[in-house]
Visitor: 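Submitted below is the structure of interest, expressed as structure tokens.
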Amino acid sequence: MYDSHIHLDQYHEDEMNIMLSQIEGVIAVATDLDSSKRLLDLKRQYDINIAAGFHPEQAVLKESELIKLVDWIRQNQTELCAIGEIGLPQYLRREGKVEDEAAYIHILETLIHLASELKLPVVLHAVYADAAIALQLLSKYNVRGHFHWFKAKDELIHEVIEAGHFISVTPDVLWNAKTRRVVELTPLNQLMIETDGPWPHTGFDKCDIQNQLSAIIGEIAVIKQMTRNEVSIQMGHNTRSFYHLEAHDESR
Ligand SMILES: [Zn+2]
């Protein structure tokens with residue numbers, strides 16, 4: 001099993017060893033430049049795949065900081081399997097904390113443009129109506145997107161699927177009707193599974209990513225009326241193909 005979206009740099013190192021030994025691999029995503037640098041350090045110690053980016057649910061980056069991030073990504077592009085996590089501040093906006101929406105869109109567009117130039121996919125935090133803006137930018141720059149922990153109206157879910165992008169779901173598929181709907185509508189060959197760890201999912205330990213991933217697979221199998229094994233094999237295949245990864249030990 002692969003965890004297709006985890007904030008590995010937010011765990012203690014003694015936790016990482018145990019977590020990483022339980023599963024086949026991870027896509028470790030960054031929240032900012034410091035987080036990107038920390039992930040690169042971790043990649044030198046552990047067998048992990050990393051992305052670099054700027055998480056949108058925080059104070060907006062100044063142009064000079066954005067340039068530093070872009071330069072760092074260019075310099076370290078061969079170490080990266082994607083640019084991410086990037087996107088738009090859906091939850092900050094709901095709290096009334098977004099003053100300059102255009103600044104977030106500018107960051108997103110700059111990083112999608114960079115992904116196009118470097119021929120990397122992007123990891124997107126773009127839920128609900130924000131997905132429409134992300135879709136336009138992906139199409140403008142011809143970039144492949146992974147819409148992580150995705151939720152949206154049916155029409156937008158269809159648009160994401162029709163454009164050939166990938167979608168991942170977390171353990172909230174066990175109880176959240178919106179996530180279950182995403183699984184119903186998304187073809188199995190465009191789905192991935194993730195923990196978004198260390199996000200606290202009710203009933204799970206943040207370090208027990210193996211159990212979280214296995215619970216998601218079980219629930220997808222129920223929704224899609226397939227066997228766990230069929231789902232599990234396809235999830236592994238999807239993550240490897242989307243991120244261009246080498247196959248590891250399939251039994252884990
Ligand atoms: Zn995340």
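All heavy atoms count here, side chains included; hydrogens, waters and symmetry mates do not. Numbers for residues simply follow the sequence, beginning at 1. Atoms within a ligand are numbered from 1 in the order they appear, just like the ligands themselves.
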Visitor: Keeping waters out of it, list the protein N, O or S atoms under 2.8 Å from the Zn ion (ligand 1).
Guide: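 For the Zn ion (ligand 1), the protein N, O and S atoms that sit under 2.8 Å away are H5 NE2, H7 NE2, E85 OE1, D196 OD1.
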Visitor: Under a 4.5 Å side-chain heavy-atom rule over Ile, Leu, Val, Met, Phe, Trp and Tyr, are V222 and I233 clustered together?
Guide: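 Shared cluster, no.
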Visitor: Which residue, T195, T239, D196, forms the side chain to side chain donor-acceptor pair (under 3.5 Å) with H5?
Guide: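 It is D196; the other options fail the test.
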Visitor: Can you list the residues that meet the salt bridge (charged side-chain N to carboxylate O under 4.0 Å, His left out) rule with K119, with sequence neighbours excluded?
Guide: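 Counting only residues at least two positions away or on another chain, K119 forms no salt bridge (charged side-chain N to carboxylate O under 4.0 Å, His left out).
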Visitor: Does a donor on one side chain and an acceptor on the other come within less than 3.5 Å for T31 and H7?
Guide: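 No, no side-chain donor-acceptor contact under 3.5 Å.
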Visitor: Look at the side-chain heavy atoms of Ile, Leu, Val, Met, Phe, Trp and Tyr, link any pair under 4.5 Å apart, and say whether L124 and V70 land in one connected group.
Guide: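 Looking at the clustering, V70 is in the same group as L124.
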Visitor: Judged by modelled atom types alone, do Q136 and S139 share a side-chain donor-acceptor pair under 3.5 Å?
Guide: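 Not at all, the side chains of Q136 and S139 share no donor-acceptor pair under 3.5 Å.
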